[in-house]
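Working notes for the structure below.
First listed ligand is number 1; within each ligand, the first listed atom is number 1.
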Amino acid sequence: MLRVAVVGAGAAGLCAAKHILSSPSSFAPPVVFEATGGVGGTWCYTEHVHEDGRPVYSSMYRDLRTNLPKEVMMFPDFPFASHLSSFLSHQEVLRYLESYCQSHGVQPHIRFNTLVEQVKPVVVTTEGVEEKTAWEVTSSDASGRRSMETFDAVLVCSGHYSDPHIPELPGIEHFKGQLLHSHSYRYAEPFSGQSVVVLGAKASGLDISIELAKAGARVTLSHGNPRFTFPLPAGIQQASSVVAVEDDGSLRFQDGSLGRADVLMFCTGYNFRYPFLDAAQLGLEVEDHLVTPLYRYMVPPAFPSLFFIGICKIICPFPNFNCQVQFALAVLDGSVTLPSRTQMEDEVREDLHRKLDGGVQRRHLLKMDQNQWQYCEELARSAGFPPLPPVVRSLYEEVWRQRQIHPENYRKLNYRLVSDTEWEAVD
Ligand code: FAD
């Protein structure tokens with residue numbers, strides 16, 4: 001039986017542990033290492049932005065409502081409670097993850113307040129013959145006591161929304177107002193009456209701009225796509241990207257215009273960070289927005305018993321994790337045979353080049369968007385588990401469409417799944 005370590009007890013780690021526990025003939029119960037005192041990762045809201053002098057892990061803000069309805073956000077085999085409306089508060093998502101954890105008996109296998117410090121491959125030899133790679137996992141508990149254990153495989157489920165990405169802005173030292181990243185944004189009231197430039201108009205930038213405007217801030221939503229304009233509520237104007245700060249502290253925008261602000265808020269995403277891995281040793285490059293080469297966006301070709309779960313962006317996260325985990329376990333239990341190392345490296349290289357040649361910027365290479373459905377389907381086909389029901393894609397795409405048209409109001413709708421292929425909007 002294989003011993004598997006899981007790093008992190010957020011949605012991805014809980015999903016990994018659940019599936020490991022449901023295959024007791026192939027896997028020993030997992031060891032889930034969790035740095036904090038609870039499950040849920042991102043969904044553990046805290047008002048604080050620092051704890052014990054260190055930035056807190058979660059980037060959750062107080063009034064967030066999910067940008068996906070519960071009908072597609074859920075793990076496909078574990079629906080949210082039926083009385084909840086489609087778009088959820090962070091408390092409701094956290095309760096769901098806690099209940100997922102309890103229902104599948106995962107809790108006893110989690111080591112809370114235990115930080116993974118190092119995950120290192122070691123070659124196990126028997127009678128002088130090189131046999132296979134094992135993984136030494138070094139962790140420290142709340143009292144600082146360190147221990148090392150060996151596993152057959154590691155699933156990295158440590159998330160990627162906690163290390164703020166702040167783009168370089170020439171002259172930023174001249175800015176006289178408040179600088180912050182959405183990682184440290186909690187609620188809008190303190191910004192009432194202030195002028196706030198929000199840089200970045202992805203999910204958080206857009207949502208936070210709407211919250212700020214409702215609280216009486218004068219918001220400029222600054223973003224890079226000049227043709228992309230949203231019908232936004234009063235109090236929000238749009239501008240091109242901030243590209244520099246002038247000596248007098250004013251902001252210079254891409255179109256050459258200048259503006260002043262009390263607050264410059266970066267909604268510019270997060271960096272990948274794996275302080276417990278030696279990327280070079282694993283044959284990996286970890287950049288701010290990219291980890292490569294990863295076969296099927298999961299497996300380093302040189303170390304096919306290490307898996308990264310959940311690193312793709314613009315996906316339907318929980319269903320995607322559910323597919324990745326099942327594929328990873330099928331590789332480990334031998335029901336899927338991976339191609340050779342060279343073939344995996346070639347496939348990853350070809351995929352990256354195809355995207356780069358098609359005009360995709362390097363920092364967007366892990367964005368899946370439309371490709372996520374085929375990706376999940378291929379994982380399901382090769383590992384022999386049920387594919388996502390077509391209704392997930394159809395409702396996900398409808399909600400995206402609604403979000404483009406009504407960014408302020410699309411969450412007022414409720415949905416119901418009628419079958420594997422059909423959904424309906426309900427009052
Ligand atoms: P996380 O939730 O980040 O969990 C990772 C866990 O690993 C954490 O508990 C952390 O403490 C632990 N960990 C990290 N490093 C170590 C270590 N070295 N040792 C031990 N433990 C470690 N998704 C949706 O589906 N719908 C939404 O509406 C939605 N809204 C979002 C809003 C915001 C503001 C953010 C930031 C994300 C949102 N997401 C949403 C995406 C969300 O991140 C994913 O849905 C999902 O929760 C990510 O789960 P995860 O397990 O990959 O990572």
Side-chain angles (χ1 to χ4, degrees), residues 5-17 31-46 51 54-75 80 86-90 92-94 96-97 100-101 110-119 137-142 154-165 181-186 202-208 211 267 269-270 272-277 308-322 324-325 372 392 396 399 403 410-411:
V6 177
V7 184
L14 295 176
C15 176
V31 177
V32 183
F33 296 92
E34 172 49 53
T36 70
V39 303
T42 297
W43 297 97
C44 298
Y45 170 75
T46 163
E51 252 158 30
R54 279 175 306 175
V56 297
Y57 180 82
S58 176
S59 306
M60 197 46 61
Y61 37 96
R62 187 190 64 193
D63 298 332
L64 175 132
R65 291 199 84 77
T66 56
N67 54 22
L68 293 176
K70 65 175 186 175
E71 291 75 14
V72 303
M73 190 170 154
M74 68 188 201
F75 290 114
F80 279 85
S86 283
F87 294 91
L88 307 156
S89 66
H90 56 75
E92 289 166 337
V93 180
L94 181 60
Y96 168 84
L97 291 174
Y100 181 84
C101 175
I110 305 177
R111 302 221 189 121
F112 290 107
N113 299 306
T114 304
L115 177 76
V116 171
E117 294 187 349
Q118 190 179 50
V119 172
V137 175
T138 306
S139 61
S140 58
D141 66 15
V154 177
L155 268 54
V156 176
C157 303
S158 54
H160 52 86
Y161 292 106
S162 65
D163 187 43
H165 176 76
H181 187 277
S182 54
H183 178 59
S184 304
Y185 168 81
R186 293 294 178 269
K202 297 282 164 11
S204 297
L206 188 53
D207 271 357
I208 291 173
E211 285 195 3
C267 292
Y270 295 85
F272 287 110
R273 229 180 124 254
Y274 300 102
F276 50 88
L277 294 174
F308 290 78
I309 304 299
I311 74 163
C312 294
K313 299 180 180 181
I314 320 270
I315 51 167
C316 195
F318 297 5
N320 178 283
F321 303 166
N322 199 50
Q324 288 193 321
V325 163
Q372 63 175 310
V392 175
Y396 176 96
V399 170
R403 197 163 129 195
Y410 74 99
R411 293 181 177 96

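- Residue contacts with ligand 1 include Ala12, since one or more of its heavy atoms lies under 4.0 Å from the ligand.
- Taking distance alone, with nitrogen or oxygen atoms compared against 3.5 Å, Thr42 approaches ligand 1 more closely than that limit.
- The distance criterion of under 3.5 Å between nitrogen or oxygen atoms is not met by Phe321 with respect to ligand 1.
- In the candidate list Ser58, Ser158, Gly269, Ser139, Ser158 is nearest to atom 14 (C) of ligand 1, counting heavy atoms.
- Each of the following atoms of ligand 1 lies closer than 4.0 Å to a heavy atom of Ala11: 49 (O), 51 (O).
- For ligand 1, the polar-atom distance check against Ala35 finds a nitrogen or oxygen pair separated by under 3.5 Å.
- Taking the six-membered ring where the residue is Trp, His183 and Tyr270 present perpendicular rings, their angle passing 60° and hence far from 30°.
- Taking atom 45 (O) of ligand 1 as the reference point, the nearest protein heavy-atom neighbour is Phe318 CE1, 3.3 Å.
- In terms of polar-atom proximity, Tyr61 is not counted as a contact of ligand 1, lacking any N or O under 3.5 Å from an N or O of the ligand.
- Annotation: Tyr270 places no N or O atom under 3.5 Å from an N or O atom of ligand 1; distance criterion only.
- For an aromatic pair to be called close, the ring centres must be under 6.0 Å apart, and Tyr161 with Tyr57 fails this.
- The closest side-chain donor-acceptor pair between Tyr61 and Glu211, if any, does not fall under 3.5 angstrom.
- At least one N or O atom of Val116, backbone or side chain, sits closer than 3.5 Å to an N or O atom of ligand 1.
- Of the candidates Met73, His160, Met60, it is Met73 that places a heavy atom closest to atom 26 (N) of ligand 1.
- The N/O atoms of Trp43, backbone and side chain alike, include one that comes under 3.5 Å of an N/O atom in ligand 1.
- Counting protein heavy atoms only, atom 23 (N) of ligand 1 is closest to Pro317 CG, 3.5 Å.
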- Task: Evaluate the criterion side-chain contact (heavy atoms from CB on, under 4.5 Å) for residue pair Arg411 and Thr66; output intermediate values, then yes/no.
- Result: CA-CA 8 Å; Arg411 293 181 177 96; Thr66 56; 5.8 Å; no

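- Distances below 4.0 Å separate heavy atoms of Phe276 from the following atoms of ligand 1: 18 (N).
- Minimum interatomic distance between Phe308 and Gln324 (heavy atoms only, all atoms of both residues): O-OE1, 4.1 Å.
- Annotation: Tyr161 places no N or O atom under 3.5 Å from an N or O atom of ligand 1; distance criterion only.
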